[in-house]
Amino acid sequence: MRTDLSSHIKLEHVSKRYYRPESEVELISLTRYEKVNTHVVDTPLEGAAYAAMDVAHTIEQCVRERGRCVIGLGAGRCAMDVYGELVKLYFADKVSFNNVIAFNLSELGLGVTDPDGQSTLKRLKDGFFNKVDFEPENIHTFSARVTKENVVKLCKAYETEIDEFGGLDLVVCELTKTGGLAFNEAGSTSMSSCRLVSLSNEARSRIAESYQCENSPKTAVTLGISNILNARKIISTAWGESSAKAVFNTIEGNINDQYPASFLQLHHNVKLVIDLDAASSLTRINYPWKVTSCDWNSNLLRRALVWLCEQTGKPILKLTNKDYNDYGLSELVALYGSGYNVNIDIFNDIQHTITGWPGGKPNADDTYRPERATPYPKRVLAFSPHPDDVILAMGGTLRRLVDQGHEVHVAYETSGDVSVSDEDMLRYVMLTERIERHYGIEQNESIKASRTKLIEDLKKKVPGDPDTAEVRFFKGQIFVCEGITSCNYLGIGEENVHELRLPFYTSHPYAVGRVTEADVMPIKELIEKVKPHQIFFADDLSDPYGTHERAANAVLAAIDMLKDEPFMRECRVWMYRGLWGEWDIDHIEMAVPMSPEEFQYKRDAILKHQSQVHDAPFIDPEDEQLNWQRVLKRNQDTACLYSRLGLASYEAIEAFVQYHPIQ
């Protein structure tokens, strides 16, 4: 059973010429905007193997020249992938660590003494040191006696210890999704040294995910940017679409302490190893026509014309040959004979994505429609990571499907209990108490005791404490009931709303559990029961908390198991985005428009999730909008983009991309 299929989703074919050029001359041209030496690979596994081989060669060279190699090691997930490949090289007799001196780049909390607790040193030992021939005395880390009172002194001592070994020959670390190195997050300067740092919410979520734990420390001790830059060589890694923004700002952006990894531009011997998803925002991948001649396909043509329209302020059909020539796209004029021919081709291509019939229009020619006319009506199954995600992302589409006569089912993969505040829960407890008093309802002692315990558990909580299982269940049911109310408002009956309670989430408050067969089987059984003609699932893989990625992997694993079933061969699978991003127009294959009235209907459906619309805990610090406000704006922005391109003007648009099961 494959539970990592989300990492195999490729929205387009990227020519290898853009990241595997055949000559140094072409490489120089492709990377003219890049200020850090970068190696792009197809997959994280390939990247880890490449980085590991580079580390092995560096160790061999240092040992040959100086008798030893001094390495600083991070313990991020990407870095751990590299160490896994180094272990393979060790067992293949291609590298030895007998003469390697290792320094831990960072450690969690203060005074780490629990051998089984969260510790980067323990993570390095379990995943690397104990599997190869490191000498125990060659492994160095921060003192377990660190306190707030002596942390400055002990940090200086740690730096001195590194200096006594002649400094670091090599640093291996992960570039975080926020553009940090080790625990040097936003605000860290190039002169920052070894110190105690306060961890951001994003960093703590990353730690919880990496360590498969419910809580994470609020502080850490870390080597600073200056310590890392003092190393003779640096190898950093980053995987996945969620890292793309940080990668771009590190490689092509200006040096900025909001992205501490951008200080790597100051180092003379850096290599950043990234996969294609992480590289997706780089100029040579995103706008290759700026740096080379292109291998044109429909996706790249769309992107180029959208970019050209934005540069000129013109809709597609008003672009001229001069516009193409002035902005470096004369190659398209030569290929198509004229700019007008390009305009018509791409205008029609984008126009065909728009449909008011997301389930297919019966008795209609569907040659240029994104969905089939038959069968009609269809059975539709939409998976939602949390009870509100499917409404946020495709509430307008769900209403269309219901109104057009299709049988619509919604499945909640997780309850989303951590999104419900203590205040909301206490309000419902207070409501039940008042109703009981008014009607003179007598509860037995067991029920009274349970309710008293719920309230006491909440009162005893301090920030960072997880909820008890009972509190989590109560909060989860609040969210689920709001979701059912929202579905009912859209015309989906409660009998067609399915609560799956997948173990990866219910076992861990922050959804850090791994996807297992126990998560996949309930989804598989529901698909077999419904036998849908359409499946919708969330591809919000930029979710920093990891819930959406795991939810997607559970759905994809079930689809993979069923893909050869006759009913599945007649089923189309569509991916939606909402909470953590939107599809770029060059990827959109189905665009479902909404009128002002329909958009208001969707907004009203979202507002049925009362626990999420005022004090939802996850607010974007950059714009301070609530999640539902941000999603609605994305729908409007997509419609505005279509309008600016000269297509029909709508109030809002929900967008989808088709998923093709991996054979």
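Keep in mind the model is a prediction, meaning the values are calculated, not measured.
Every residue two or more places apart in sequence or in another chain that forms a side-chain contact (heavy atoms from CB on, under 4.5 Å) with Gln265 is listed here: Lys35, Val36, Ile255, Ser262. Remark: Glu46 engages Arg20 in a side chain to side chain donor-acceptor pair (under 3.5 Å) (not counting sequence neighbours). The side chain to side chain donor-acceptor pair (under 3.5 Å) search around Asn130 returns none, not counting sequence neighbours. Considering only residues two or more places apart in sequence or on other chains, Thr283 meets the side chain to side chain donor-acceptor pair (under 3.5 Å) condition with Glu252. Scanning for side-chain contact (heavy atoms from CB on, under 4.5 Å) contacts around Gln258 gives Ala186, Asn256, with sequence neighbours left out. With sequence neighbours excluded, the residues forming a side-chain contact (heavy atoms from CB on, under 4.5 Å) with Lys131 are Val87, listed by chain and number. Listed by chain and number, the residues in a side chain to side chain donor-acceptor pair (under 3.5 Å) with Glu34 are Arg284 (sequence neighbours excluded). Remark: Ser281 pairs with Ala244, Phe248 by the side-chain contact (heavy atoms from CB on, under 4.5 Å) rule, at least two apart or across chains.
A distance-only check finds no donor-acceptor pair linking the side chain of Thr292 to the backbone of Pro288 [under 3.5 Å]. Between the Arg634 side chain and the Gly578 main chain, a donor and an acceptor come within less than 3.5 Å of each other. Of the possible polar contacts, none joining the Ser243 side chain to the Lys177 backbone as a donor-acceptor pair under 3.5 Å is found. Checking side-chain atoms of Arg17 against main-chain N and O of Ser293 turns up a donor-acceptor pair under 3.5 Å. Looking only at distances, a side-chain donor or acceptor of Glu174 sits under 3.5 Å from a matching main-chain atom of Cys78. Judged by distance alone, the side chain of Asn227 and the main-chain N or O of Glu159 form no donor-acceptor pair under 3.5 Å. Listed for the His267 side chain is no donor-acceptor partner under 3.5 Å among the backbone atoms of Ile228. The backbone N or O of Asp540 lies less than 3.5 Å from no partner atom in the side chain of Arg577, so there is not a single donor-acceptor pair.
Side-chain contact between Phe142 and Cys194: present, with at least one pair of heavy atoms (C-beta onward) separated by less than 4.5 Å. Between Val657 and Asp539, the closest side-chain pair of non-hydrogen atoms is not below 4.5 Å. In this structure, the side chains of Pro44 and Asp275 come closer than 4.5 Å at one or more pairs of heavy atoms. Side-chain contact check for Asn184 versus Thr222: some heavy-atom pair is nearer than 4.5 Å. Using a 4.5 Å heavy-atom cutoff, the side chains of Phe97 and Ile71 are not in contact. No side-chain heavy atom of Tyr18 sits under 4.5 Å from any side-chain heavy atom of Val40. Looking only at side-chain heavy atoms (C-beta outward), Ile225 and Thr189 stay at 4.5 Å or farther from each other. Looking only at side-chain heavy atoms (C-beta outward), Leu641 and Glu310 come within less than 4.5 Å of each other.
Of the inter-residue distances, the one linking Lys271 atom NZ with Leu264 atom CG reads 14.0 Å to the nearest 0.5 angstrom. With rounding to the nearest 0.5 Å, the separation of CD1 in Ile101 from CD1 in Ile139 is 10.0 Å. Here CG of Asn553 is found 13.0 Å from NE2 of His548. Values are rounded to the nearest 0.5 Å. Here CG of Asn99 is found 8.0 Å from CG of Asn138. Values are rounded to the nearest 0.5 Å. The distance from the CZ atom of Phe183 to the SG atom of Cys173 is 11.5 Å, given to the nearest 0.5 Å. Atom NE2 of His587 and atom CZ of Arg303 lie 5.5 Å apart (nearest 0.5 Å).
A side-chain N or O of Thr147 and one of Glu149 form a donor-acceptor pair less than 3.5 Å apart. A donor-acceptor contact under 3.5 angstrom links the side chains of Tyr19 and Asp42, judged on distance only. Side-chain contact of Asn627 with Gln612: a donor-acceptor pair under 3.5 Å is absent, judged by distance alone. For His39 and Asp54, the side-chain atoms include no donor-acceptor pair closer than 3.5 Å. Counting only N and O atoms by type, the side chains of Glu107 and Thr120 include a donor and acceptor under 3.5 Å apart.
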Practice problem: Give the intermediate values and the outcome of side chain to side chain contact (heavy atoms under 4.5 Å, CB included) for residues Met575 and Trp583. | Solution: CA-CA 10 Å; Met575 302 182 289; Trp583 301 109; 3.6 Å; yes
Exercise. Start with the C-alpha distance between Thr178 and Glu185, add both sets of side-chain angles, then the distance that settles side chain to side chain donor-acceptor pair (under 3.5 Å), and finish with yes or no.
Key: CA-CA 7 Å; Thr178 54; Glu185 298 293 336; 2.6 Å; yes
Practice problem: Give the intermediate values and the outcome of side chain to side chain contact (heavy atoms under 4.5 Å, CB included) for residues Leu282 and Ile274. | Solution: CA-CA 11 Å; Leu282 296 181; Ile274 57 178; 4.0 Å; yes
Quiz item: Does the side chain to side chain contact (heavy atoms under 4.5 Å, CB included) test come out yes or no for Thr516 and Phe504, once each step is laid out?
Solution: CA-CA 8 Å; Thr516 67; Phe504 87 83; over 6 Å; no
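For residues 223-243, there are no ring pair (Phe, Tyr, Trp, His ring centres under 6.0 Å) pairs, not counting sequence neighbours. Applying the salt bridge (charged side-chain N to carboxylate O under 4.0 Å, His left out) test to pairs two or more places apart or on separate chains, none has a residue in residues 93-103. Within the structure, the ring pair (Phe, Tyr, Trp, His ring centres under 6.0 Å) test picks out the following pairs touching residues 63-95 (sequence neighbours left out): Tyr83-Phe128.
For the residue pair Thr237 and Ala79, the shortest heavy atom distance occurs at OG1-N, 3.8 Å. Shown here for Cys294 and Leu300, the closest heavy-atom pair between the two residues is CB-CD2, 3.9 Å.
For Glu65, the CD atom sits in a packed shell: over 12 heavy atoms of surrounding residues, nucleotides or ligands are nearer than 6.0 Å. Within a 6.0 Å sphere centred on NZ of Lys125, other residues, nucleotides and ligands contribute 12 heavy atoms or fewer. In Glu137, the CD atom is crowded: over 12 heavy atoms of neighbouring residues, nucleotides or ligands sit closer than 6.0 Å.
Across Leu579, Asp417, Thr414, a single residue satisfies side chain to side chain contact (heavy atoms under 4.5 Å, CB included) together with His386, and that is Thr414.
A salt bridge is defined here as a Lys NZ or Arg NE, NH1 or NH2 lying under 4.0 Å from an Asp or Glu carboxylate O, and Lys633 with Asp637 meets this definition.
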Let me check something: any side-chain donor-acceptor pairs from residues 160-170 under 3.5 Å, sequence neighbours excluded? List them with distances.
unit_1 : atom_1 : unit_2 : atom_2 : d
Thr160 : OG1    : Lys156 : O      : 2.9
Glu161 : OE2    : His140 : ND1    : 2.6
Asp169 : OD1    : Arg66  : NH2    : 2.6
Asp169 : OD1    : Arg232 : NH1    : 2.6
Asp169 : OD2    : Val70  : N      : 2.8

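Tyr327 and Trp307 have perpendicular rings, their planes meeting at more than 60° on a 0 to 90° scale where under 30° would count as parallel.
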